[in-house]
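Some notes on the structure that comes next.
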Amino acid sequence: MTSDLLENLNPPQREAVTHPGGPLLIIAGAGSGKTRVITHRIAWLIREQGLRHSAVFAATFTNKAAEEMSHRVQRLLGVSGVSLPIATFHSLCARMLRTDAPLVGRTERYTILDEADQRGLIKDILKSLGLRAEECPPAYAQWRINQAKMKMQTPDEFEATLERAEDHWVVDVFRQYERRLGESDAFDFEDLILSVVRLLEGSGERLHHWQSRFEHVLVDEYQDTNLVQYRLVKLLSGAHGNLCVVGDEDQSIYSWRGADLDNILSFQRDHEGAKVIRLEQNYRSTGNILGAASAVIAHNTERLGKTLWTEAGDGEPLCLIGAANEHAEAERVLELIEHERRRGTPLREIAIFYRVNALSRIFEERLAAADVPYRIFGGVRFFERREIKDLIAHLDLVENPENSVALLRVINVPRRGVGEKTLRGLVKEADRRGVSLWQALRQMVHEGKLRGKAGNALRAFVDQIDDWRESVSTLGLPGLLDRILEDTDYAAHLRKSDPLSAAGRVENIEELGQSLAEYEQGRATATLGGYLERVALTTATDDYDPDEECVNLMTLHCAKGLEFDVVVIVGMEEPIFPNRRAVEEQGRGLEEERRLFYVGLTRARKRVFLTHAMTRFLHGQTQRNLPSAFLGEIPREVLAVAGRSQPGWGGRHPQGVPGRQKSVAPPRRRGTMGMFRTGERVSHDAFGEGTILGVKGEGSMRRLVIRFEGKELVELLESYAQLERLDREET
DNA sequence: ACTACATGGATTTTT
DNA sequence: TCCATGTAGT
């Protein structure tokens, strides 16, 4: 029986799809049809192997990936509107906890804290412990606590492994934090998975229950899993061993978020008899792009190794563009976009990637000035806007008033005259009684202890929450929101606190109402808890429109999983990319930076442009930047160097080019201007005139050591330094 | 209790 | 430069 599910698959893809069971590692190179293989495999398991829909646990890292997979599987199966267990790790665990939360000390109405909530809670704890923010930065505590949790450390274990004595305060914060989470009936992101792991480890009955529920376990982006996710997957597949993981070690770029590359590197050792399938045929990029990416990544040592190939032709060479400063760089990128436009490339097929967000601004400004539509990925997310967070916090409280984080956020918004002093008293009182803030409030109301201006406000607040809680069922979700808006006169509060942005914020609130209505309409059992779970685990970047006609700006991290005809990677400069801090502060820094470059390159279908500026104004000062070392790792034969395309500009105009540039010729490509020798006089756009003192390396790695007039020594890669020979001109 | 200024720090951020 | 955060003033 040849299933139509196997049509249009290449042999290794087919083998991966039809692998019967047992551990399977699919090493999926960039652009090798990974999603296709996963979705076809799930469909194949269900249709050809007779698996129940609900028996395939398929975990991803992003909602977007999960949604796409889920849709495609449903399409393959010819069904729709089915809720398959294809979702993010967090979402799958949240679902398991909807029934099992009471077994880990929470209720079914638990709350999910996002990172902002988490930071709020930590700040609060710091305050109540009397720690000063200068010596004990909340962000640092948050980071350490999350790191510890990702390593499955309890506060005690964290304390035992603490290396720096001066960090001991974090232990206290961690202990308090865990306690307060419990009191608030809340999970943070990591807890969602961690709690399930602890549950499965602690209860044979639950382990058996979930193991038999999920007969196959699939993991996407396996190179990004951390210890907790690894344990979860191992536990769930422990009984039957039907574990299929898909990943690419060369695209692991989240180690700083706890991802452990060893999970994928040692999969074979870890799972006896594991089958390994490599997907190496690339269906996305040209030969030249693939050649560049492969050559770059070959410098890494922590690899399973794979050889990407394509049936496509070489295509055009990658194009390196050097500019004198960031203004010139932006100008060149704009020219390039204009040129692409005339070539017929749709704007939505052009992307600008940068290593750090700080680089995006100048491109935004230039694009806006030139009336080129653009959009930025990963800005402030919808559900992180202040007004939305405020209202969600109200909803959180209605669902679960024990949630102290939400309570503190909301108790004086809009202003009710409940200040810091009153609040501190309340926190202290709750602490003394050993109950949540909400419980303390209720008890105090009951005992008639709340008097005075603040007391009245607090009593009214308690009544209001109770009132809302009672009316949820009659009002419906959008109705509840309206009621909250009305009762708090929130719009007036917005107008008062920030008149300029009020209109936009009101619009956002209307959108929130829309989203509530949509949620309610979309399902038979729409609950407030269900909606809040979705909100907590969803970023609104998930719903961007890929067809919108605009240039895409994003960090290299955001680019993972996307593809464009034309990719421009800007800021290819030494301290920025590879990022000096990343290299210094993380053990595997340089290799991870290189993987990031690899990810960027492999996003491109047709053309890649790499740009760098000799000097850049950043953080309030002008820095002089050498071209990225990664540029030297690209084989010379696939790299073209654009010369100065506009005589008379681009060089010594620190203020940028005055006025609008008329459309100009495409970046001209030309090779280097012959080899330079020691002793020759040269001129350079940014550095001025100088003398070559020495030569290092050879071929594409040939570097020139130059002393520029009155300045220190500079080492430049000859192949793209854009030097001009002076001696000859002067004679 | 809220607002206005100073200070210091500035990768990346799937959930 | 720009932003978040902390403190001093009203």
Side-chain angles (χ1 to χ4, degrees), chain A residues 59-66 87-94 112-119 123 127 132-134 137-140 142-143 146 150 187-194 220-221 223-226 228-229 251-259 326 353-359 361-362 377-381 383-384 412 415-423 453-454 457 496-497 533-539 541-542 554-562 571 575-586 589 592-593 595-596 599-600 616-623:
Chain A
T60 65
F61 280 89
T62 66
N63 293 301
K64 204 167 111 197
T88 62
F89 274 104
H90 296 83
S91 169
L92 288 165
C93 288
I112 299 169
L113 260 45
D114 68 18
E115 280 183 339
D117 299 332
Q118 188 186 33
R119 194 163 55 252
K123 274 188 188 168
K127 216 178 270 174
R132 293 153 131 270
E134 298 120 37
Y140 180 70
Q142 185 178 24
W143 179 71
N146 284 335
M150 287 188 288
F187 294 107
D188 62 35
F189 283 142
E190 203 55 46
D191 274 335
L192 289 171
I193 309 174
L194 189 52
D220 187 22
E221 307 279 18
Q223 76 281 356
D224 286 337
T225 49
N226 66 22
V228 185
Q229 289 147 357
Q251 293 188 61
S252 165
I253 55 174
Y254 282 105
S255 77
W256 50 279
R257 291 285 249 128
E326 75 276 10
F353 301 157
Y354 32 83
R355 173 65 241 257
V356 295
N357 287 115
L359 297 193
R361 232 181 77 192
I362 186 147
F377 279 60
V380 186
R381 291 189 271 271
F383 287 107
E384 280 166 20
N412 201 32
R415 301 270 127 85
R416 266 177 260 261
V418 181
E420 204 181 333
K421 207 170 147 203
T422 318
L423 237 45
K453 205 177 90 192
K496 203 172 133 203
S497 61
E533 176 187 308
R534 247 168 68 106
V535 166
L537 298 178
T538 305
T539 46
T541 33
D542 295 341
M554 68 194 81
T555 64
L556 283 153
H557 283 89
C558 277
K560 195 170 85 161
L562 304 175
I576 299 175
F577 190 38
N579 189 269
R580 211 185 86 233
R581 288 184 64 132
V583 174
E584 281 169 7
E585 287 173 25
Q586 284 155 222
E592 180 146 318
E593 290 293 296
R595 289 193 289 266
L596 196 52
V599 166
R616 182 179 296 278
F617 186 74
L618 202 61
H619 304 322
Q621 52 191 9
T622 304
Q623 48 179 240

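In the text below, chain A, chain B and the rest are named by the order of the sequence lines, each starting its count at 1. Owing to the predicted nature of the structure, the values given are computational and were not obtained by experimental measurement. Side chains included, hydrogens not; waters and symmetry mates left out as well; all remaining heavy atoms used.
A/R595 places a side-chain N or O within 3.5 Å of a backbone atom of A/S252 that can act as its donor or acceptor partner. Using a distance-only test at 3.5 Å, with no hydrogens or angles considered, no donor-acceptor pair links the side chain of A/N146 to the main chain of A/W143.
In this structure, A/K560 places its NZ atom 11 Å from P of B/dT15, rounding to the nearest Å. Protein atom CG of A/N579 is 12 Å distant from nucleotide atom P of B/dA10, rounded to whole Å. As rounded to whole Å, 14 Å separates atom P of B/dG9 from atom CD of A/Q621. Rounded to whole angstrom, the span from the NE2 atom of A/H619 across to the P atom of B/dG8 amounts to 17 Å. Between A/E221 atom CD and B/dT15 atom C1' the separation is 14 Å, expressed in whole Å.
Listed here is the closest heavy atom pair of A/F189 and A/H90: O-CD2, 3.2 Å. Nearest approach of A/L192 to A/C93, heavy atoms of both residues: O-CB, 3.4 Å.
Atom P of C/dA4 sits at a distance of 15 Å from the matching atom of B/dT13, rounded to the whole Å.
Counting any heavy atom pair closer than 4.0 Å across all strands shown, A/F617 reaches sugar-phosphate atoms only and no base atom. At the heavy-atom level, A/E115 lies under 4.0 Å from base atoms of the strands shown. A/R361 comes within contact range of the sugar-phosphate backbone alone, with a heavy-atom separation under 4.0 Å but no base atom that close.
In terms of phosphate contacts, A/N357 brings no side-chain nitrogen or oxygen within less than 4.0 Å of OP1 or OP2 of B/dT11. Between A/T555 and B/dT13 there is a side-chain polar atom (N or O) within less than 4.0 angstrom of OP1 or OP2. Remark: A/R581 is not in phosphate contact with B/dT12, judged by side-chain N or O atoms under 4.0 Å from OP1 or OP2. For the pair A/R257 and B/dT13, the criterion of a side-chain N or O lying under 4.0 Å from OP1 or OP2 is not met.
Each of A/E593 and A/N412 was assigned the nucleotide of DNA chain B with the nearest heavy atom; the assignment lying further toward the 5' end belongs to A/N412. Mapping A/H557 and A/T422 onto DNA chain B via the closest heavy atom, the residue that lands nearer the 5' end is A/T422.
You can see that DNA chain C meets the heavy atoms of chain A within a 4.0 Å-exclusive cut from C/dT1 to C/dT7, reading 5' to 3'.
Distance from the side chain of A/Y254 is smallest for B/dT13 among the nucleotides B/dT13, B/dT15, B/dA10.
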